[in-house]
Protein chains: 2
Amino acid sequence: MYEVLHKKISELVTITNEEFEFCKTLFIPKKLRKKQFLLQDGDICKYTTFVEKGTLRSYTVNEKGSEHILHFAMEGWWIADLSSFLTSEPSPFNIDAIEDSELLLITLPSWELLLDKIPVLERYFRILIQNNLIATQNRLMGTLSLSAEMKYERLLNTFPECLQRVPQHMIASYLGITRETLSRIRKQRLSKK
Amino acid sequence: MYEVLHKKISELVTITNEEFEFCKTLFIPKKLRKKQFLLQDGDICKYTTFVEKGTLRSYTVNEKGSEHILHFAMEGWWIADLSSFLTSEPSPFNIDAIEDSELLLITLPSWELLLDKIPVLERYFRILIQNNLIATQNRLMGTLSLSAEMKYERLLNTFPECLQRVPQHMIASYLGITRETLSRIRKQRLSKK
């Protein structure tokens, strides 16, 4: 259950077996079936979650019922509403499973204990959050300045697995375009091949 | 010259005088007059920069000449193209001064040395980047889901100083709306008072 977590941490920093054994004691394993919720908007995000297997997404739903997707998280990724997790304020986000998933949950007090006891994990999370910030900034700049075609092209280049595993209407929501536009772009690409 | 940096670090972590004296040796002080560039697109972002005084912005310019603003940075904030800084790839961003500014620049090797020698700064940067990530995620979700009025309202609530110090056309570019729309929103707000 902890193989992917161990692999991912070891890619960025050096952690001893003893440290990782301690690390494991702080996580709560959880299985989620497809369509089950990890977080519903209005609730406090009590955990930050590591995905050992499967795919989750975080999204908001506006008053008209439109979904806006912030994140997909597959094996080896973390997912949470970071703001709600850190402040204990109610979250505007939903997090649910797109596939049957195996997760490792950690509460804020346990996460803080982890960072105190294993300082090298400060570096792990700093690098992780840094990469996430760069990706989010790129996406924001793309949203402000790129055409629908270019946004799709960029997603295809940076995150090809996503396009195979995530339903089309969620890809459209993630890109901030309509399903019709996405469908047109895909047809145009196929006819070019 | 280092007062704001010392204050800002001390707000998040405990740093000894000896550690901060070492820290100071790694920065390059620089003054920038209004409209001078710190980074021009196509160049590598060689520094991450702390603003002791003044205001900078980072932005892209598309082929039609439109500016898209990623960031404003005032006293106590950091600014860089993080991706170019970490990878030494050419940057698509410009960074210039909106006001006369006093800056502290640090190169990647010096920054890495700093983190090695003063591990508590791993925590400082982790928290800083984490807060930046939350703000960027909020802005991205706002761009996808909020009306122009609501985006302006949110900026007013979270970053009121920005509206006093930054020219209106830059605020419009930051919000991803036209100058005319911003002008209309401001008039409507005034007439409501």
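Naming: A, B, ... by sequence-line order, numbering from 1 per chain.
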Chemist: Report which part of B:F85 has an atom under 4.5 Å of a heavy atom belonging to chain A: side chain, backbone, both, or neither.
Modeler: neither
Chemist: Hydrophobic clusters join Ile, Leu, Val, Met, Phe, Trp and Tyr when side-chain heavy atoms are under 4.5 Å apart, directly or via other members; which others share one with A:L146?
Modeler: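 Noted: A:L146 shares its cluster with A:M150.
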Chemist: Just verifying a value: how many Å separate B:L133 CG and A:Q137 CD, rounded to the nearest 0.5 Å?
Modeler: 9.0 Å
Chemist: Taking side chain as everything from C-beta outward and backbone as N, CA, C, O, which of these in B:L86 sits under 4.5 Å from a heavy atom of chain A? Side chain, backbone, both or neither.
Modeler: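 When you check distances to chain A, only side chain atoms of B:L86 fall under 4.5 Å.
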Chemist: Are B:I118 and B:L128 grouped together when hydrophobic residues (ILVMFWY) are joined by side-chain heavy atoms under 4.5 angstrom apart?
Modeler: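 In one cluster with B:I118: B:L128, yes.
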Chemist: With side chain to side chain contact (heavy atoms under 4.5 Å, CB included) as the criterion, how do A:M141 and B:F93 come out once you've worked through the C-alpha distance, each side chain's angles and the decisive distance to 0.1 Å?
Modeler: CA-CA 10 Å; A:M141 293 311 282; B:F93 286 95; 3.9 Å; yes
Chemist: Working to the nearest 0.5 Å, report the span between CD of B:Q130 and CG of A:L82.
Modeler: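 Reported to 0.5 Å precision, the distance equals 5.0 Å.
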Chemist: Is it the case that more than 12 heavy atoms not belonging to A:E18 sit under 6.0 Å from its CD atom?
Modeler: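 Count not over threshold, so no.
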Chemist: With chain B as the partner, which of A:D81, A:L70, A:N132 has the greatest number of non-hydrogen pairs under 4.5 Å?
Modeler: A:L70
Chemist: Taking everything shown except A:R186 itself, do over 12 heavy atoms lie less than 6.0 Å from its CZ?
Modeler: no
Chemist: Using residues 24-36 of chain A as the side-chain source, report each donor-acceptor pair under 3.5 Å to any protein atom, sequence neighbours left out, with the distance given to one decimal.
Modeler:
from, atom 1, to, atom 2, distance (Å)
A:K24, NZ, A:E21, OE2, 3.4
A:T25, OG1, A:F22, O, 2.5
A:Q36, OE1, A:R33, N, 2.7

Chemist: Identify which part of A:I134 has an atom lying under 4.5 Å from any heavy atom of chain B, answering side chain, backbone, both or neither.
Modeler: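 A:I134 touches chain B through side-chain heavy atoms alone.
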Chemist: Looking only at heavy atoms, what is the nearest atom pair of A:L144 and B:G176, with distance?
Modeler: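 The answer is CD2-CA, 3.9 Å.
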Chemist: Mind checking the CG-CG spacing from A:N138 to B:L140? Nearest 0.5 Å is all I need.
Modeler: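 Going from CG on A:N138 over to CG on B:L140, the span is 11.5 Å.
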Chemist: Tell me the closest heavy-atom pair linking B:E122 and A:R126, and the distance in Å.
Modeler: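 Closest approach of B:E122 to A:R126: OE1-NE, 2.9 Å.
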Chemist: Any chain of hydrophobic side-chain contacts (each under 4.5 Å) joining B:V4 to B:L121?
Modeler: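 Yes, B:V4 and B:L121 fall within the same hydrophobic cluster.
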Chemist: Are B:M74 and B:Y2 co-members of a hydrophobic cluster defined by side-chain heavy atoms under 4.5 Å apart?
Modeler: no
Chemist: Any side-chain heavy atom of A:R139 within less than 4.5 Å of one from B:T143?
Modeler: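 Side chain of A:R139 against side chain of B:T143, heavy atoms only: no contact under 4.5 Å found.
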Chemist: Roughly how far, to the nearest 0.5 Å, is the OG atom of A:S147 from the CG atom of B:N62?
Modeler: 11.0 Å
Chemist: Is it the case that over 12 heavy atoms from other parts of the model lie below 6.0 angstrom from the OH atom of B:Y47?
Modeler: no
